[in-house]
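Take a look at the structure below.
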2 protein chains.
Amino acid sequence: MMLAMKYTMADIAKETGVAKSTVSRYFNGGYVKDETRKRIKEVVDRVGYEPSEAARNLKSKRTKLIGVVAPTLKSTVTGRQMTEIDNFLKKKGYSTLILNTDHDPSREIEAIEHLSSLRADGIILIATNISEAHQRLQKISRIPILALGQQFRGGTSVIYDDYEAGFEVGEYAKEMGHEDILYIGVSEYDEAVGIKRKKGVLDGLGLPKGATKVNMLETAFSYEDARKVIRSSLKKHVPTLIICATDQMALAALKEATDMGLSVPDDVSIIGFGGYEMSELVNPSITSVRFENEKAGEVAAATLLSMIEEEPVASLQVIGHSLREGGSVKRI
Amino acid sequence: MMLAMKYTMADIAKETGVAKSTVSRYFNGGYVKDETRKRIKEVVDRVGYEPSEAARNLKSKRTKLIGVVAPTLKSTVTGRQMTEIDNFLKKKGYSTLILNTDHDPSREIEAIEHLSSLRADGIILIATNISEAHQRLQKISRIPILALGQQFRGGTSVIYDDYEAGFEVGEYAKEMGHEDILYIGVSEYDEAVGIKRKKGVLDGLGLPKGATKVNMLETAFSYEDARKVIRSSLKKHVPTLIICATDQMALAALKEATDMGLSVPDDVSIIGFGGYEMSELVNPSITSVRFENEKAGEVAAATLLSMIEEEPVASLQVIGHSLREGGSVKRI
DNA sequence: TTATAATGGGGTACCGGTACCATGTCAATC
DNA sequence: GATTGACATGGTACCGGTACCCCATTATAA
């Protein structure tokens with residue numbers, strides 16, 4: 001007997017002395033006599049044979065493959081979302097193909113094209129921005145695409161209510177008596193976080209239009225960048241409250257403030273968005289909006305499967321959040 | 001013209017008025033007249049056709065798919081590793097199929113079997129434990145498997161020198177004058193972290209055999225569990241130094257200590273392993289061993305590709321690390 | 001001028017499965 | 001005794017590509 005080699009159904013059939021179709025029936029259910037079944041099983045076990053999904057897919061047209069296009073594999077939020085997506089899909093017999101784009105929009109398009117040539121059954125796009133390129137792709141591609149975290153106009157999306165979350169934070173800040181505020185956001189390229197969340201905060205603060213007393217800053221999604229931006233700003237002026245568009249930034253702010261000898265929240269308060277585990281673990285723990293990322297992942301996966309089954313789905317689903325008070329905000 | 005549907009090479013051929021083989025040549029290189037090429041391109045672009053990888057693979061036997069079996073998608077270390085693996089593989093024209101097991105060994109086996117039926121070209125196993133089941137699978141499966149982070153006896157692995165890293169930490173602790181030490185480790189089920197790292201620390205401390213002055217504790221990989229364990233231990237006795245097998249635990253230790261009113265490092269010092277960004281961001285930043293996870297990911301991917309090409313590879317490759325001093329350790 | 005490439009393109013047997021049809025038992029029903 | 005249908009199995013045309021072989025032209029070399 002030769003060493004482990006690629007066996008095909010025909011090999012198994014020949015070995016067992018039956019026809020290919022009988023072996024196929026053995027694997028897929030159908031009339032096979034107990035005795036024949038036993039004989040096939042014996043051969044299959046002995047050589048360690050498994051039918052090729054690829055060949056099977058060729059006929060059935062379904063790959064049972066779902067692509068997840070993610071901007072990073074290193075963030076708490078994507079991690080939560082991907083874990084639930086994967087869990088849910090696995091339960092339904094699908095495999096998850098995760099493509100990382102490292103925040104590069106062009107790699108996003110590439111990823112979708114790639115998934116399309118792989119004949120993935122569906123795609124979940126954890127995007128930071130939905131461009132016309134996405135819109136076009138979605139129209140051409142016969143494979144269902146669902147956007148998670150950003151609204152996909154003309155498509156299907158599962159999003160968070162960033163405006164509302166921002167609004168609540170703004171209201172909360174006002175209620176706690178803060179008036180000298182520094183807001184640290186991200187590029188407006190990211191519609192959900194960069195635009196809606198920010199607008200929510202400003203509206204929640206109830207500022208008279210035009211006359212903003214809020215200092216606005218912008219930074220990238222990395223700690224390093226955030227720290228640099230925050231440090232130079234704090235050197236010029238220390239507000240009573242820093243609102244950060246993500247917990248990542250909030251943690252950076254906490255670090256910089258403490259390093260400068262400022263006490264949080266006595267000298268300066270901090271609020272973040274994201275509800276990272278880490279935000280609870282620092283001192284003081286950071287007041288932050290926790291989005292239900294796990295539920296979002298599951299809803300996204302479930303919805304995509306419905307789309308694949310060509311069942312009707314809502315084009316927009318909004319997932320909840322809640323403000324979690326830590327010890328990083330002082331009432332003034 | 002009908003709406004976006006599945007087009008096949010034969011459709012394109014018919015539309016263009018050439019033979020299937022010519023269209024195939026168009027995609028794969030070969031003699032095609034410029035004018036014919038143009039006509040094909042026109043049709044392909046118009047209907048948005050892309051050749052099916054699945055069908056292509058059936059003949060070529062290569063799926064260009066690499067499976068990565070990961071214990072979690074939420075950890076800094078796995079994130080770093082996966083990102084580099086994915087980057088490297090993408091450059092080489094491979095896709096990365098990430099399967100999450102949520103630390104469940106049985107799902108690991110399932111994942112490998114699944115990848116095998118998908119005819120993945122290779123598998124990277126980020127395991128916490130290599131069991132006989134893995135060994136057996138690897139022997140039966142004709143597809144190359146590489147273990148990352150744990151030594152795969154009888155197979156190929158890329159690992160960190162956990163013993164040496166532990167040893168350095170032990171030596172460092174001794175040099176800083178610490179004698180009353182609490183070590184918080186993980187289950188010995190995890191050979192690299194649970195056994196080697198721990199043994200390294202103990203040996204580095206140079207304790208007389210048998211007579212251990214080190215208090216040993218064990219916890220799971222989660223914050224919650226770590227905090228509980230640490231809290232109850234600190235209530236009984238506060239050592240001068242807590243050595244934590246992962247930064248996750250170190251962060252939990254820092255939190256618990258500060259919450260109890262202890263000052264780090266004045267009342268108690270803390271050392272961790274992992275070199276998380278977060279460990280630098282807390283106050284005080286945590287002294288920790290930084291493993292070169294990125295390099296490990298790249299080496300793992302490169303090695304796996306070599307294995308696929310049937311080139312000779314080292315059965316064991318060890319990736320470096322370095323101790324990064326933060327402010328969490330006081331000299332006594 | 002003729003042999004020989006190089007170029008351009010058609011035809012078809014696979015790849016490893018599935019689906020569907022055909023054939024043959026054997027026992028229950030008419 | 002003939003009909004029927006559940007059971008069991010064989011045979012084969014696909015699925016959507018690639019590979020290889022064959023046949024024309026046209027260009028280049030001998």
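- The separation between Met9(A) atom CE and dG11(D) atom P is 16 Å, rounded to whole Å.
- Using a 4.0 Å cut-off between charged nitrogen and carboxylate oxygen, Arg80(B) and Glu298(B) do not count as a salt-bridge pair.
- Atom CD1 of Ile126(A) sits about 6.5 Å away from atom CE of Met82(A), to the nearest 0.5 Å.
- The residue Arg62(B) sits apart from the nucleic acid: no heavy atom pair falls under 4.0 Å.
- Residues from residues 19-28 of chain B with heavy atoms under 4.0 angstrom of DNA chain D, sorted by number: Lys20(B), Ser21(B), Ser24(B), Asn28(B).
- Of the residues near DNA chain C, Lys59(B) and Lys33(B), the one whose nearest nucleotide (by heavy atom distance) lies more toward the 5' end is Lys33(B).
- For the pair Glu42(A) and Arg39(A), the salt-bridge criterion is not met [side-chain N within less than 4.0 Å of a carboxylate O].
- Counting any heavy atom pair closer than 4.0 Å across all strands shown, Thr36(B) reaches sugar-phosphate atoms only and no base atom.
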Output side-chain donor-acceptor pairs under 3.5 Å for residues 25-33 of chain A, partner residues at least two apart or in another chain, one line each.
from, atom 1, to, atom 2, distance (Å)
Asn28(A), ND2, Ser24(A), O, 2.7
Asn28(A), ND2, Ser24(A), OG, 3.3

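- Whole-Å rounding puts the Ile12(A) CD1 to dG10(D) P distance at 15 Å.
- Comment: Glu50(B) does not engage Arg56(B) in a salt bridge, judged by the lack of any side-chain N to carboxylate O separation of less than 4.0 angstrom.
- Closest-nucleotide positions on DNA chain C for Arg119(B) and Val32(B) were compared, and the one nearer the 5' end corresponds to Val32(B).
- Under a 4.0 Å N-O distance rule, the pair Arg153(B)/Glu191(B) qualifies as a salt bridge.
- Put simply, CG on Asn57(B) is 12 Å from P on dA19(D), counting in whole angstrom units.
- A 6.0 Å sphere centred on CD of Glu310(A) holds no more than 12 heavy atoms belonging to other residues, nucleotides or ligands.
- Between Lys90(B) and Asp86(B) a salt bridge is recorded (basic side-chain N to carboxylate O distance below 4.0 Å).
- Regarding contacts with the backbone of dC7(D), a side-chain N or O of Tyr31(A) is found under 4.0 angstrom from either OP1 or OP2.
- Between chain B and DNA chain C, the heavy-atom contact criterion of under 4.0 Å yields a 5' to 3' nucleotide range of dA6(C) to dG17(C).
- Under 4.0 Å is where a charged nitrogen must lie from a carboxylate oxygen, and between Arg46(A) and Glu15(A) at least one such pair does.
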